[in-house]
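A quick write-up on the structure given underneath.
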Number of protein chains: 2
Amino acid sequence: MLPPLPGLDKFDLAILDLLQRDNTVSQREIAKTVNLSAPAVQRRIQRLRESGVIQAELAILDANRLGRPLLLTVSVRVHDEHPQRTEGMRQRIMAEPAVQQCYMITGETDFLLMISAATMLDFEDIAQRLFGGDDNVQRFQTSVALRCLKTGSYVPLA
Amino acid sequence: MLPPLPGLDKFDLAILDLLQRDNTVSQREIAKTVNLSAPAVQRRIQRLRESGVIQAELAILDANRLGRPLLLTVSVRVHDEHPQRTEGMRQRIMAEPAVQQCYMITGETDFLLMISAATMLDFEDIAQRLFGGDDNVQRFQTSVALRCLKTGSYVPLA
DNA sequence: GATGAAATAGCTACAGA
DNA sequence: TCTGTAGCTATTTCATC
């Protein structure tokens, strides 16, 4: 049913599923859970890091508690979505720390961004920096995230 | 300029900024970087965990390498967005592992979802489970994420 | 918050399958 | 090539100041 996963066996998947939920668990505990020795787990984790299957290991913070209670979604429509014409905007997006996520998408709009902001004034500043002087931007529509029902980037591995 | 952050000083912010980039750095290294002793760092991290400022500590995986190369954005418009009428959908969304993110938003549509899928057939299955028999769903519009320029949930702390 | 001791985790070397 | 055992190193953790 699923495409084959080159080089990953059930042990790797079990380890990954644990780590993407909580990476503070010790290698010994992982070892007990997946029925391997601690060094075996350690070698597999190292391999998964080097091969890039594990992209990052980090802490998720509560923006509300850090003075950034606003989360906004911005849909951007450009005149010309060719790489050369969007290069500048892509670079500004990459360089802007308040942009948490950005996807190029199909459909009505070309870019979808999730932006963290302290206030609406703060947001207008950010939007101005990102899209202000760019004549390739046709329009952008902002929505406020009233509530976050789910967050993260969990990948189902079952 | 920024609202005050109750109970968080510059040391906490420095520690948090390190951890939200990479939580594999040792407390000793953090201590050296922020000019504290390792136990001081340890106590602060523990406090930040208990207070919920640190929401999670986990590994981010590459979905492409795990048989889930598709990421889709779904905008859902409901007839009635009152809690009682959306309760069922919210529960199905929470229970569906393929839904990575879900926000209730203002504007044209009411819900915005990011969904991870192995194939488009897989996605149709998921969408059917989420919205299939729900007569409160007016319409939902799916876009394919052609490219992910930025991911994560980094919170600017400067 | 710092210091130092005890407990724990992570890592390496080696032998066997 | 992979695993497991053993032992070492480094880190985390806790008590005390």
Side-chain angles (χ1 to χ4, degrees), chain A residues 2-62 65-67 152-155 157-158, chain B residues 2 4-62 64-67 152-155 157-158:
Chain A
L2 280 175
L5 304 174
L8 300 181
D9 61 16
K10 61 170 182 174
F11 291 110
D12 291 313
L13 294 180
I15 292 167
L16 290 169
D17 200 37
L18 288 171
L19 290 179
Q20 79 172 331
R21 294 167 193 269
D22 178 8
N23 76 342
T24 65
V25 292
S26 71
Q27 296 175 354
R28 286 176 159 82
E29 282 182 63
I30 297 173
K32 270 189 288 188
T33 307
V34 305
N35 287 314
L36 278 176
S37 68
V41 169
Q42 136 88 9
R43 282 186 292 261
R44 282 166 181 269
I45 292 175
Q46 195 169 352
R47 221 159 38 85
L48 292 165
R49 281 175 179 148
E50 287 165 0
S51 69
V53 174
I54 294 177
Q55 285 188 327
E57 291 157 277
L58 46 81
I60 305 295
L61 309 184
D62 183 348
R65 303 281 298 276
L66 292 164
S153 59
Y154 179 81
V155 180
L157 296 180
Chain B
L2 277 175
L5 304 174
L8 299 182
D9 61 15
K10 63 169 182 173
F11 292 111
D12 291 314
L13 294 179
I15 292 168
L16 289 169
D17 200 38
L18 288 171
L19 289 180
Q20 78 173 329
R21 296 167 192 270
D22 178 8
N23 75 344
T24 65
V25 292
S26 72
Q27 295 175 355
R28 284 183 141 79
E29 282 182 61
I30 296 172
K32 269 188 289 189
T33 307
V34 305
N35 286 316
L36 279 177
S37 69
V41 170
Q42 135 86 9
R43 277 190 296 265
R44 282 165 181 271
I45 292 175
Q46 196 168 355
R47 222 161 36 84
L48 293 165
R49 282 173 178 150
E50 287 164 2
S51 69
V53 174
I54 295 177
Q55 286 188 328
E57 293 158 276
L58 45 79
I60 305 294
L61 309 183
D62 183 348
N64 294 311
R65 303 281 298 274
L66 292 164
S153 58
Y154 178 81
V155 180
L157 296 180

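Letters A, B, ... mirror the listed sequences (proteins, then strands); counts begin at 1. Only heavy atoms go into these numbers, but all of them, side chains included; no hydrogens, no water, no symmetry mates.
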Query - Pairwise distance CZ(B:Arg43) to CZ(B:Arg47) - rounded to 0.5 angstrom - result: 10.0 Å
Query raised in the report: Would you find a donor on one side and an acceptor on the other, under 3.5 Å apart, between the side chain of A:Asp17 and the backbone of A:Ala14?
Result: no
Report task. Measure across B:Ala59 and A:Glu57 and return the closest heavy-atom pair with its distance rounded to 0.1 Å. Result -> CB-CG, 4.1 Å
Query - Opening and closing nucleotides of DNA chain C in contact with chain B, under 4.0 Å to non-hydrogen atoms - result: C:dG1 to C:dG4
Query raised in the report: Looking only at heavy atoms, which two atoms of B:Val41 and B:Leu36 are closest? And how far apart?
Result: CG2-CB, 4.1 Å
Report summary line: Nearest heavy-atom contact between A:Ile15 and A:Ile45 is CG2-CG1, 3.8 Å
Query raised in the report: Contacts to DNA chain C from residues 24-49 of chain A, heavy-atom cutoff under 4.0 Å, which residues?
Result: A:Ser26, A:Gln27, A:Arg28, A:Pro39, A:Gln42
Requested in this report: Measure the shortest side-chain to side-chain distance between A:Ile54 and B:Ile60 over non-hydrogen atoms and say whether it is less than 4.5 angstrom.
Outcome: no
Requested in this report: Over all heavy atoms of both residues, which pair between B:Gln20 and B:Val155 is shortest? Give the atoms and the distance, please.
Outcome: NE2-O, 2.7 Å
